[in-house]
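First the structure, in the form of structure tokens, and then the observations on it.
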Amino acid sequence: MTVLLRSEATAYSISVRTELAEDLPRVTGDRMQLQQVLMNLMVNSIDAMKEVDGTRELTINSQRGENEQLVVSVSDTGVGLPAEQADQIFNAFFTTKPHGTGMGLRISRSIVESHGGACGLPTTLPAAQNFISPYPSRARRSRLRRA
């Protein structure tokens with residue numbers, strides 16, 4: 001994904017940083033759909049930083065979460081999200097962009113949930129947006145199916 005968005009990031013002087021943990025649990029799922037989620041979050045981050053003065057940095061982080069989950073977060077040094085809008089961002093047709101459709105985060109959440117994960121904001125919002133998507137690992141997914 002970072003390669004696909006490199007020219008867009010470069011055009012706005014945005015540095016892209018990855019903090020990817022080693023030896024993460026494998027995730028079974030639809031590769032194209034999961035890539036769509038990551039692409040949407042990265043595009044949202046780039047959009048949030050286009051008009052920012054100062055440091056523009058997009059960070060993609062992966063780590064092992066609780067219960068054998070893979071946790072992926074995308075954060076940026078953009079304008080952030082007003083606290084009063086935090087509970088609306090996953091609603092269909094809600095957007096903070098002048099030309100947005102309000103469907104990107106709704107679709108992303110639906111994809112993540114269809115893979116047994118969750119998509120949302122951390123309980124404490126920094127100035128930058130930060131979305132966390134825990135995905136069940138292959139081992140945990142098989143246990144979920146049996147339950």
Is the side chain of Arg64 donor-acceptor paired with the backbone N or O of Asp23 at a distance under 3.5 Å, no angle test?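 Yes.
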Mind checking side chain to side chain donor-acceptor pair (under 3.5 Å) for Asn40 and listing every partner two or more places apart, or none if nothing turns up?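 With neighbours one apart ignored, the set is Ser108.
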Sequence neighbours left out, what passes side chain to side chain donor-acceptor pair (under 3.5 Å) with Arg17? Give chain and number order.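 Side chain to side chain donor-acceptor pair (under 3.5 Å) list for Arg17, sorted by chain: Glu19, Glu57, Thr59.
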Among Asn61, Val43, Asn44, Leu38, whose side chain to side chain contact (heavy atoms under 4.5 Å, CB included) with Val74 holds?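 Passing option: Leu38.
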Could you tell me whether Glu8 and Lys50 make a salt bridge, using a distance below 4.0 angstrom between a side-chain N and a carboxylate O?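 A salt bridge links Glu8 with Lys50.
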Keeping to residues at least two apart or across chains, list the salt bridge (Lys or Arg N to Asp or Glu O under 4.0 Å) pairs with something in residues 27-43.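 Residue pairs passing salt bridge (Lys or Arg N to Asp or Glu O under 4.0 Å), neighbours aside: none found.
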Taking C-beta and beyond as the side chain, do Leu34 and His115 meet within less than 4.5 Å on heavy atoms?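 Counting from C-beta outward, Leu34 and His115 do come under 4.5 Å.
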Heavy-atom check, side chain of Val72 versus side chain of Leu41, under 4.5 Å: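 In short, these two side chains do not touch, never coming nearer than 4.5 Å.
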Arg109: partners by salt bridge (charged side-chain N to carboxylate O under 4.0 Å, His left out), with sequence neighbours left out: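 With sequence neighbours excluded, Arg109 shows a salt bridge (charged side-chain N to carboxylate O under 4.0 Å, His left out) to Glu113, given in chain and number order.
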For Thr10, check side chain to side chain contact (heavy atoms under 4.5 Å, CB included) against everything at least two apart and list the hits.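 With sequence neighbours excluded, Thr10 shows a side chain to side chain contact (heavy atoms under 4.5 Å, CB included) to Arg6, given in chain and number order.
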Give me the atom names and distance for the closest heavy-atom approach of [X] to [Y].
X: Leu58; Y: Ser45; value: CD1-CB, 3.5 Å
X: Ile111; Y: Ser114; value: O-OG, 2.8 Å
X: Ser62; Y: Leu20; value: OG-CA, 3.2 Å

Distance check, rounded to the nearest 0.5 Å: [X] atom [atom1] versus [Y] atom [atom2]?
X: Leu5; Y: Ile46; atom1: CG; atom2: CD1; result: 4.5 Å
X: Glu22; Y: Gln63; atom1: CD; atom2: CD; result: 14.0 Å
X: Met42; Y: Asp47; atom1: CE; atom2: CG; result: 12.0 Å

Show your working on side chain to side chain contact (heavy atoms under 4.5 Å, CB included) between Arg56 and Tyr12 and close with a plain yes or no. CA-CA 8 Å; Arg56 296 176 184 174; Tyr12 292 98; 4.0 Å; yes
